[in-house]
Novice: 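Below is one structure. I have some questions about it.
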Amino acid sequence: MEKIALQTPSFRGDIYIGEGAAERLRGLAAGQKNFAVADSNVFALYPAFFERYFSDCKIFVLPAGEENKTFENLGKILSAMAEAGLHRTSRLFAVGGGVVGDIAGLAAALYMRGISCVQVPTTLLAQVDSGVGGKTAVDLSGVKNVVGAFFQPCEVLVDPSFVKTLPPREIKCGLGEIVKYAALDEGIFDALESREGGLDDLDFLVSLIPACVRHKAKVVAADEREQGERKSLNVGHTTGHAIELSSGMSHGECVLWGMLFETELAEKYGVCDGAFGERLRRLVRRALEIKPFVLPDFSTIGKAAEKAKADKKNADDGNIRMAVGVRKGEWTLFSLPFEKYRAGLEEIAGKLRARF
Ligand code: NAD
Ligand code: GLY
C-alpha cells in the first residue's frame with residue numbers, strides 16, 4: 001500500500017493506494033452519525049461492501065449519471081444529512097465515480113460549514129483524478145461544475161479492486177484522464193507511448209494510478225485554488241467540456257476528443273513543439289480507437305464551441321483559453337479569440353470526419 005500526503009498551506013490529507021485500501025473504512029466509518037453517498041450502480045454492485053462498512057450509518061443512493069450532479073440533488077443530500085442528525089464531528093463518505101465524489105464532496109463542504117469527508121473513488125477516472133485534490137461541484141444552467149468549492153478530503157482510499165467491475169467504456173474514460181497526465185508528465189507519457197499492447201489493459205492502467213496521483217498531489221499542493229499550475233490539469237478540458245455538454249458523451253472520452261482538437265490547434269498556431277504535438281495526438285488516437293468507439297457530431301462542432309465561452313479558465317476578454325502540453329513535461333495556457341477558436345475546431349472536424 002502506498003501512502004501519499006497531500007499538504008496544502010491549510011490542510012493535510014492522506015491518500016492510500018492499493019488493494020485493500022478500503023479496509024481502512026473499518027475504523028473510519030464506524031458510528032451512527034456518519035453518512036455515505038453512493039450511486040445506484042455502485043450500491044447495487046457491492047452489497048457486501050456496504051453491509052461490511054456502512055451497516056451503522058445512513059446511505060444516500062444517488063441515481064447514477066452526470067445528469068444527476070445537480071443542485072436539486074445536492075439539496076436532497078443535505079436534507080438527508082440534517083434528518084440523520086449529523087453534527088460537526090460526523091464524517092461523510094463518498095463512494096463512487098466522479099459524479100458522487102463531486103456532489104458528496106460539496107455536501108460535506110456545505111454542511112455546518114464543513115464536515116470531514118473521505119473519498120472512496122470506484123472508477124478509474126476518479127482514482128487517478130477526481131477523487132484527489134478537493135474540487136467539488138454540481139452542474140447548473142447547462143454549465144459544468146459552475147457551483148462548487150475547494151474542499152479537501154481528509155482521506156482518499158484508492159482501492160483498485162473496484163475497477164474490475166467497470167464496463168469497457170468507463171475504463172476508456174479513465175484512460176482519457178491518464179492521457180491528460182501524459183501531456184504533462186514525462187514518465188507517464190513514456191509509459192503510454194512505449195506500451196506495445198493495448199492501452200486499455202486493466203493491469204497496465206492500474207499500475208499507472210500511483211504516478212497519476214503523485215503528479216496531481218504535487219500540483220494541488222503547490223496551487224490548491226487553481227491560480228496557476230493547477231490550470232495544467234485542464235488539458236483537453238475546454239473543448240472536452242464543450243463537447244460533453246452538447247453531446248451528452250462521458251467526461252473522460254470528451255477529454256480525449258478535447259485533447260485531439262486542442263493539440264492540433266496549438267500546433268497550428270505554433271504554440272507547441274510540432275513533433276511532440278504529433279506524438280501526443282498519436283497517443284490520443286490510440287486511446288480513442290479503443291472500443292466502444294463513440295464519435296462526437298463533427299458537423300455541429302461550431303455550435304458546441306459556444307459552450308466553451310463559459311469555461312472557468314477564460315478571462316473576461318472574449319478569448320477562449322486552453323491548457324496544452326507543449327513538449328514532454330511542459331505545458332502552457334493558450335488563448336484564441338472565439339471566432340478563430342471556432343473556425344479552427346471546424347477545420348479540424350472536417351479532417352477528422354474524413355478520417356474516422
Ligand atoms: P461517474 O461517476 O458517472 O461514473 C461512471 C459510471 O461508472 C457510472 O455509471 C457509475 O455508476 C459507474 N461505476 C462507478 N464505479 C463503478 C464500479 N466500480 N464498477 C462498475 N461501474 C461503476 O463518472 P466518472 O467518469 O467517474 O467521473 C466523471 C465526473 O467527474 C464528471 O462529472 C466530471 O466533471 C468529474 N470530474 C471531477 C474532477 C475533480 O477534480 N473533482 C476531475 C475530473 C472529473
Ligand atoms: N481535474 C482538474 C483538477 O482537479 O484541477
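In each ligand, atom 1 is the first atom listed, and ligand 1 is the first ligand listed. Heavy atoms only: backbone and side chains are in, while hydrogens, waters and symmetry mates are out.
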Novice: Under a 4.0 Å heavy-atom limit, does Glu177 contact ligand 2 with its side chain, its backbone, both, or neither?
Specialist: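 Neither; nothing of Glu177 gets under 4.0 Å from ligand 2.
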Novice: What do we get for Asp129 next to ligand 2 when only non-hydrogen atoms under 4.0 Å count, side chain, backbone, both or neither?
Specialist: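 Within the 4.0 Å criterion, Asp129 contacts ligand 2 through side-chain atoms alone.
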Novice: Output side-chain donor-acceptor pairs under 3.5 Å for residues 140-149, partner residues at least two apart or in another chain, one line each.
Specialist:
unit_1 : atom_1 : unit_2 : atom_2 : d
Lys144 : NZ     : Glu66  : OE2    : 2.9
Lys144 : NZ     : Glu244 : OE2    : 3.0
Asn145 : OD1    : Lys69  : NZ     : 2.6

Novice: Only heavy atoms count here, so choose which of Leu124, Asp102, Val95 is nearest to atom 41 (N) of ligand 1.
Specialist: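 When every heavy atom of Leu124, Asp102, Val95 is considered, Asp102 comes closest to atom 41 (N) of ligand 1.
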Novice: Need the ligand 1 atom indices (1-based, order shown) with element for anything under 4.0 Å from a heavy-atom of Ala64.
Specialist: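 Matching atoms, with element in brackets: 11 (O).
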Novice: Identify whether NZ of Lys or CZ of Arg in Lys309 sits under 6.0 Å from the centre of the six-membered ring of Phe338 and within 45° of that ring's axis.
Specialist: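 Because its charged atom sits under 6.0 Å from the ring centre and within 45° of the axis, Lys309 does stack over Phe338.
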Novice: Counting from 1, what ligand 1 atoms have a heavy atom of Leu45 closer than 4.0 Å?
Specialist: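 Those of ligand 1 that fall under 4.0 Å from Leu45 are 19 (N), 20 (C), 21 (N).
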Novice: If you measure from each heavy atom of Glu177 to ligand 1, is any distance below 4.0 Å?
Specialist: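 Yes.
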Novice: What do you reckon, does Glu66 have a nitrogen or oxygen under 3.5 Å from a nitrogen or oxygen of ligand 1?
Specialist: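 Glu66 vs ligand 1: N/O contact under 3.5 Å present.
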Novice: Could an N or O of ligand 1 be found under 3.5 Å from any N or O of Lys135, whether backbone or side chain?
Specialist: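 Yes: some nitrogen or oxygen of Lys135 is under 3.5 Å from one in ligand 1.
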Novice: Which is closest to atom 34 (O) of ligand 1 by heavy-atom distance: Lys144, Arg230, Lys216?
Specialist: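 Of the listed residues, Lys144 has the closest heavy atom.
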Novice: Measuring from the heavy atoms of Glu253, does anything fall under 4.0 Å of ligand 1?
Specialist: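 The answer is no: ligand 1 sits nowhere under 4.0 Å from a heavy atom of Glu253.
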Novice: Does a side-chain N-to-carboxylate-O contact under 4.0 Å join Glu193 and Arg279?
Specialist: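 Salt bridge flag = yes for Arg279 with Glu193.
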Novice: Under 6.0 Å between the ring centres of Tyr269 and Tyr341?
Specialist: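 Between Tyr269 and Tyr341, the centre distance exceeds or equals 6.0 Å.
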Novice: Do any nitrogen or oxygen atoms of Glu244 lie less than 3.5 angstrom from nitrogen or oxygen atoms of ligand 1?
Specialist: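 No - when backbone and side-chain N and O of Glu244 are compared with those of ligand 1, no distance drops under 3.5 Å.
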Novice: Has Arg321 got its NZ or CZ under 6.0 Å from the middle of the six-membered ring of Phe334, at an angle within 45 degrees of the ring axis?
Specialist: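 No - Arg321 does not lie over the ring of Phe334 by the 6.0 Å and 45° rule.
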Novice: Suppose we measure from atom 9 (O) of ligand 1 to each protein heavy atom; which comes out shortest, and what is that distance?
Specialist: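 It is Asn41 ND2, 3.0 Å.
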Novice: Going by the side chain to side chain contact (heavy atoms under 4.5 Å, CB included) test, name the single residue among Thr136, Asp139, Asn68, Ile77 that passes it with Ile103.
Specialist: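 Of Thr136, Asp139, Asn68, Ile77, side chain to side chain contact (heavy atoms under 4.5 Å, CB included) with Ile103 is met by Ile77 alone.
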Novice: In terms of ring plane angle, is the pair Phe276 and Phe189 parallel, tilted or perpendicular, where the classes change at 30° and 60°?
Specialist: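 The arrangement is tilted - the two ring planes meet at 30° to 60°.
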Novice: Kindly identify the option in Thr122, Val99, Asp139, Leu166 whose heavy atom sits closest to atom 21 (N) of ligand 1.
Specialist: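 It is Leu166 whose heavy atom sits nearest to atom 21 (N) of ligand 1.
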Novice: Should we say atom NZ of Lys58 is surrounded by more than 12 heavy atoms from elsewhere, each under 6.0 Å from it?
Specialist: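 Incorrect, the count does not exceed 12.
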Novice: Examine Gly98 against ligand 1 and note whether any of their N/O atoms are separated by less than 3.5 Å.
Specialist: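 The answer is yes, given that Gly98 and ligand 1 share an N or O pair closer than 3.5 Å.
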Novice: Looking at Glu170, which atoms of ligand 1 are within less than 4.0 Å of one of its heavy atoms?
Specialist: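 What qualifies from ligand 1 is 5 (C), 6 (C), 7 (O).
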Novice: Only heavy atoms count here, so choose which of Ile103, Thr123, Leu233 is nearest to atom 4 (O) of ligand 1.
Specialist: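 Nearest heavy atom to atom 4 (O) of ligand 1 lies in Thr123.
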Novice: With nothing but distance in play, are any N or O atoms of Thr136 less than 3.5 Å from an N or O of ligand 1?
Specialist: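 N/O-N/O distance below 3.5 Å does not exist for this pair.
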Novice: Please confirm whether Asp129 comes within less than 3.5 Å of ligand 1 when only nitrogen or oxygen atoms on both sides are compared.
Specialist: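 There is no such contact.
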Novice: Would the distance check show the side chain of His215 and the main-chain N or O of Val213 forming a donor-acceptor pair, the cut-off being under 3.5 Å?
Specialist: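 Between the backbone of Val213 and the side chain of His215 there is no qualifying donor-acceptor contact (under 3.5 Å).
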Novice: For residues His251 and Glu177, is any side-chain donor paired with an opposing acceptor at under 3.5 Å?
Specialist: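 Note: His251 and Glu177 side chains meet the donor-acceptor criterion.
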Novice: Enumerate the atoms of ligand 1 whose separation from the nearest heavy atom of Thr165 is less than 4.0 angstrom.
Specialist: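 Numbered from 1, ligand 1 contributes 17 (C), 18 (N), 19 (N), 20 (C).
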Novice: Sequence neighbours excluded, which residues qualify as salt bridge (charged side-chain N to carboxylate O under 4.0 Å, His left out) partners of Arg327?
Specialist: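 So Arg327 forms a salt bridge (charged side-chain N to carboxylate O under 4.0 Å, His left out) with Glu330.
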Novice: Provide, to 0.1 Å, the distance between atom 4 (O) of ligand 2 and the closest protein heavy atom, together with that atom's residue and name.
Specialist: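 So the nearest neighbour among protein heavy atoms is Lys216 NZ, 2.7 Å.
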Novice: Can you confirm whether or not the ring centre of Phe93 sits under 6.0 Å from the ring centre of Tyr53?
Specialist: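 That pair fails the under 6.0 Å test.
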Novice: Does any N or O atom in Asp39 lie less than 3.5 angstrom from one in ligand 1, N or O only?
Specialist: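 N/O-N/O distance below 3.5 Å exists for this pair.
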Novice: I need the atoms of ligand 1 closer than 4.0 Å to a non-hydrogen atom of Asn145, numbered in the order shown.
Specialist: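 Answer for ligand 1: 34 (O).
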Novice: Under 4.0 Å between a Lys/Arg side-chain N and an Asp/Glu carboxylate O for Arg342 and Glu339?
Specialist: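 Salt bridge between Arg342 and Glu339, a charged N being under 4.0 Å from a carboxylate O: yes.
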